[in-house]
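The sequence lines fix the lettering, A, B, ..., with proteins before strands; numbering per chain opens at 1.
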Amino acid sequence: MIIQALAFYVFAFVAVAAGVMVIASRNPVHSVLFLILAFFNSAALFVLLGAEFLAMILVVVYVGAVAVLFLFVVMMLDINFAALRQGFLQYLPIGALIGIVLLAELVFVFASWTFSPDVAAVIAAPTPAAAQVSNTHALGRLIYTHYVYLFQAAGLILLVAMVGAIVLTLRHREGVRRQSIARQVARRREDSIEVVKVPSGSGI
Amino acid sequence: MTLPAMLPALPEIFLAVFGMALMMLGVFSPEKRAFKTVCTFSIAALLATLVLVLANPGGRGVAFNGLFIVDGFALYMKVLVLIGSVVTLLMSERFLRHEGMDRFEYPVLIVFATLGMMMMLSANDLIALYLGLELQSLSLYVVAAFQRDSLRSTEAGLKYFVLGALSSGLLLYGCSMIYGYAGTTEFASIARVVSAGALPAGLVIGLVFLITGLAFKVSAVPFHMWTPDVYEGAPTPVTAFFSVAPKIAAIGLFLRVMVGPFDGMIAEWRQVIVFISVLSMVLGAFAAINQTNIKRLMAYSSIGHVGYALMGLAAGGRSGVTAVLVYMTIYLFMNIGTFACILSMRRQGSMVEGIDDFAGLGKTNPKMAMAMLIFMFSLAGIPPLGGFFGKLYVFMAAIQAGLVTLAIIGVVASVVGAFYYLRIVKLMYFDDAAEPFDTPIGKGVGAVLAVTAVITLLFFVGLSPVVEVADAAAASLLQN
């Protein structure tokens with residue numbers, strides 16, 4: 001038990017510290033690397049919770065795809081971060097004020113956390129006991145049966161996002177030579193090769 | 001799940017499948033004809049969906065484990081949204097071809113946006129609400145930036161996207177708080193938790209965030225900043241679309257969320273709604289006075305109209321919901337008509353958008369001036385035109401609910417607002433004629449103009465059946 005608690009505090013501390021470093025470090029590449037560290041620690045926290053599927057997804061999707069994409073973007077775009085930070089001090093007081101007010105409100109709300117008495121009766125999709133099914137199985141059952149409508153709707157949203165990206169950026173440029181496999185295959189010997197009898201000594 | 005169990009969602013399923021088929025059609029038809037073909041088929045698909053919606057036997061239907069609900073209210077609002085989408089598509093065809101942006105993705109995106117709106121109106125769960133809203137918004141961001149070579153259009157799209165994403169974030173935060181404190185995302189179960197009494201503070205704060213997100217989507221003050229810029233920058237048919245269908249859908253969603261699951265908290269949310277309603281009406285009336293661009297003016301006008309619609313919501317109850325439904329019905333027709341006029345403002349082949357360009361229209365094009373006169377009087381709320389009855393019902397509902405001050409502010413704001421509508425009428429009939437607009441304005445736009453003008457003018461003839469249907473729809477919303 002104590003090992004588990006110890007592991008939790010280590011992972012949680014590193015995750016929070018990495019999160020701070022993401023916004024504090026000067027070099028944007030370091031920021032992305034700290035972000036990856038934060039993802040790994042969050043995945044470890046999921047494992048501690050017994051949610052191994054979410055942990056793996058976090059590593060595969062966020063570290064494997066999203067963070068690498070971030071890294072590409074940061075390295076490819078020439079962003080002057082010093083210029084971006086100008087005016088930071090100027091807006092700091094008002095930003096800090098709003099942040100503190102919001103934080104105070106949240107503390108106030110969460111300090112009085114009480115579930116409403118009916119909660120047990122209204123739970124939409126109760127999870128089966130962990131001993132019966134693995135959580136991958138349980139999630140799959142929910143997503144593909146109970147929430148199939150939402151799953152399909154999310155798919156449509158992604159489709160629209162893809163269409164939008166293509167519509168707004170794809171331009172058909174003139175004069176680009178494209179590969180046409182049909183034309184390549186249909187090409188015959190007579191079209192491209194000409195046998196020329198060259199009398200010796202006169203050239204072509 | 002068997003097929004009959006999905007039957008309540010038939011129009012949506014049909015539209016989703018057809019939307020994807022349209023995309024294939026666009027890709028595989030010859031490039032020259034793709035836009036025209038897809039446009040025609042999109043209009044046909046939307047009309048077929050309208051028929052499917054109308055063919056619903058009525059009564060309450062639930063599908064997908066209670067995530068999706070169909071009732072009289074959803075049907076009523078869906079009909080309005082579909083009419084809005086079909087008419088905008090009819091009007092945009094010529095404009096898009098003229099401006100060289102006739103790519104077939106436009107009608108496809110409009111179809112998907114409409115699908116998103118229908119999903120919003122049928123949402124019976126916080127997650128379903130969010131997904132419908134996002135499907136709609138994402139399509140709208142893209143069509144706002146559709147004129148990608150124009151700086152103003154891309155700016156409009158980007159601005160809309162950034163602020164829309166922010167508002168979605170607020171909305172999601174509110175949803176997660178509500179989920180945290182109520183323990184469920186289903187509307188019916190939330191209603192049970194709310195009516196059980198002893199509200200936790202977190203639920204109220206979650207609701208406030210949810211209202212903020214929704215107020216962004218309907219562009220109510222103080223979350224309206226994006227509206228004038230987006231309306232001005234987006235291509236005109238897109239602006240026409242923005243000002244009707246998404247607004248009606250968002251108001252419908254607002255009603256469903258407030259009157260449905262959170263009905264028991266009316267004491268908590270009424271003050272918020274009253275506040276944003278007053279601000280919207282006042283800002284809509286005063287900020288529009290200085291405008292010189294007609295699309296910007298219509299943006300402020302729509303902010304004001306949202307204020308009146310929210311007054312009906314603040315009144316709550318059956319009469320309040322009925323009033324909003326009647327208001328949105330007439331709003332749809334007069335707004336589409338006004339935009340049909342704006343779309344025909346074209347001189348020597350290029351669009352003009354200044355208010356001064358209306359000068360002398362009464363002499364150069366009496367028919368169009370007459371139509372514009374009807375729309376302006378109606379927007380200002382002058383009897384016996386349609387807009388008057390919309391306002392009348394809203395004010396009556398507010399007074400019935402004891403919100404007399406709110407109603408008085410509404411009347412004063414509508415008097416102030418009448419100034420800028422009447423200014424356009426004065427320009428058209430009493431100022432020296434400017435160069436006439438290009439004629440002919442095109443069959444689609446012309447037909448829309450004539451039909452909406454007649455509907456706005458003769459709305460009082462069909463008033464009682466409309467009110468009757470709206471009342472039944474309101475009753476169906478309240479019994480959930």
A.B. asks: Kindly compute the distance separating CG (A:Leu168) from CZ (B:Phe146), expressed to the nearest 0.5 Å.
C.D. replies: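 CZ of B:Phe146 is found 8.0 Å from CG of A:Leu168.
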
A.B. asks: Closest heavy-atom contact between A:Leu150 and B:Leu131?
C.D. replies: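 Nearest pair, atom of A:Leu150 first, then B:Leu131: O-CD1, 3.4 Å.
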
A.B. asks: For chain A, which of B:Ala9, B:Ser139, B:Gly202, B:Ala188 has the most heavy-atom pairs under 4.5 Å?
C.D. replies: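 Among B:Ala9, B:Ser139, B:Gly202, B:Ala188, the one with the most close pairs to chain A is B:Ser139.
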
A.B. asks: Counting heavy-atom pairs closer than 4.5 Å to chain B, which one of A:Leu170, A:Leu158, A:Ile166 comes out on top?
C.D. replies: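 Answer, by heavy-atom pair count under 4.5 Å with chain B: A:Leu170.
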
A.B. asks: Take a 6.0 Å sphere around CZ of B:Phe35 and say whether it holds more than 12 heavy atoms from other residues, nucleotides or ligands.
C.D. replies: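 Yes - once you tally the heavy atoms of other residues, nucleotides and ligands closer than 6.0 Å, there are more than 12.
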
A.B. asks: Is atom CD1 of A:Ile193 surrounded by more than 12 heavy atoms (other residues, nucleotides or ligands) closer than 6.0 Å?
C.D. replies: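 Enclosed: over 12 neighbouring heavy atoms sit under 6.0 Å from CD1 of A:Ile193.
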
A.B. asks: For a quick test of reading the model, state the closest non-hydrogen atom pair linking B:Arg103 to A:Val167 and the distance between them.
C.D. replies: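 Closest heavy-atom pair between B:Arg103 and A:Val167: NH1-O, 3.0 Å.
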
A.B. asks: Would you find more than 12 non-hydrogen atoms of other residues, nucleotides or ligands less than 6.0 Å from A:Tyr62 atom OH?
C.D. replies: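 12 or below, so no.
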
A.B. asks: Specify whether A:Tyr149 and B:Phe68 have parallel, tilted or perpendicular ring planes, treating 30° as the upper limit for parallel and 60° as the lower limit for perpendicular.
C.D. replies: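 The arrangement is perpendicular - the two ring planes meet at more than 60°.
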
A.B. asks: Measure B:Leu135 against the heavy atoms of chain A and call it side chain, backbone, both or neither at under 4.5 Å.
C.D. replies: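 For B:Leu135, backbone and side chain are both near chain A.
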
A.B. asks: Rounded to the nearest 0.5 Å, what separates atom CD1 in A:Ile157 from atom CG in B:Leu138?
C.D. replies: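 If I round to the nearest 0.5 Å, the distance is 7.5 Å.
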
A.B. asks: Tell me if the CD1 atom of A:Ile181 is crowded by more than 12 foreign heavy atoms within 6.0 Å.
C.D. replies: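 Incorrect, the count does not exceed 12.
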
A.B. asks: Where on B:Leu203 is there a heavy atom nearer than 4.5 Å to chain A: the side chain, the backbone, both, or neither?
C.D. replies: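 It is neither, since no heavy atom gets under 4.5 Å.
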
A.B. asks: Is there a side-chain contact between A:Leu159 and B:Phe112 (heavy atoms, below 4.5 Å)?
C.D. replies: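 The answer is yes; the side chains approach within 4.5 Å.
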
A.B. asks: Got more than 12 heavy atoms from elsewhere within 6.0 Å of CZ, A:Arg171?
C.D. replies: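 Yes.
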
A.B. asks: Under 6.0 Å from the CD atom of A:Glu52, do we count more than 12 heavy atoms belonging to anything else shown?
C.D. replies: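 Buried by this count: over 12 neighbours within 6.0 Å.
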
A.B. asks: Is the count of non-hydrogen atoms from other residues, nucleotides or ligands lying under 6.0 Å from B:Phe161 atom CZ greater than 12?
C.D. replies: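 At most 12 heavy atoms, drawn from other residues, nucleotides or ligands, come within 6.0 Å of this atom.
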
A.B. asks: Are there over 12 heavy-atom neighbours, none belonging to B:Phe14, within less than 6.0 Å of that residue's CZ?
C.D. replies: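 Counting other residues, nucleotides and ligands, CZ of B:Phe14 exceeds 12 neighbours.
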
A.B. asks: Looking only at heavy atoms and a cut-off of under 4.5 Å, which of A:Leu156, A:Leu106, A:Thr169, A:Val163 has the most pairs with chain B?
C.D. replies: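 Counting heavy-atom pairs under 4.5 Å, the top option is A:Leu156.
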
A.B. asks: For B:Met177, which atoms come within 4.5 Å of any heavy atom of chain A: side chain, backbone, both, or neither?
C.D. replies: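 For B:Met177, the side chain is the part near chain A, not the backbone.
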
A.B. asks: Say you draw a straight line from CE of A:Met162 to CE of B:Met23; how long is it, rounded to the nearest 0.5 Å?
C.D. replies: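 Output value for this atom pair is 7.0 Å.
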
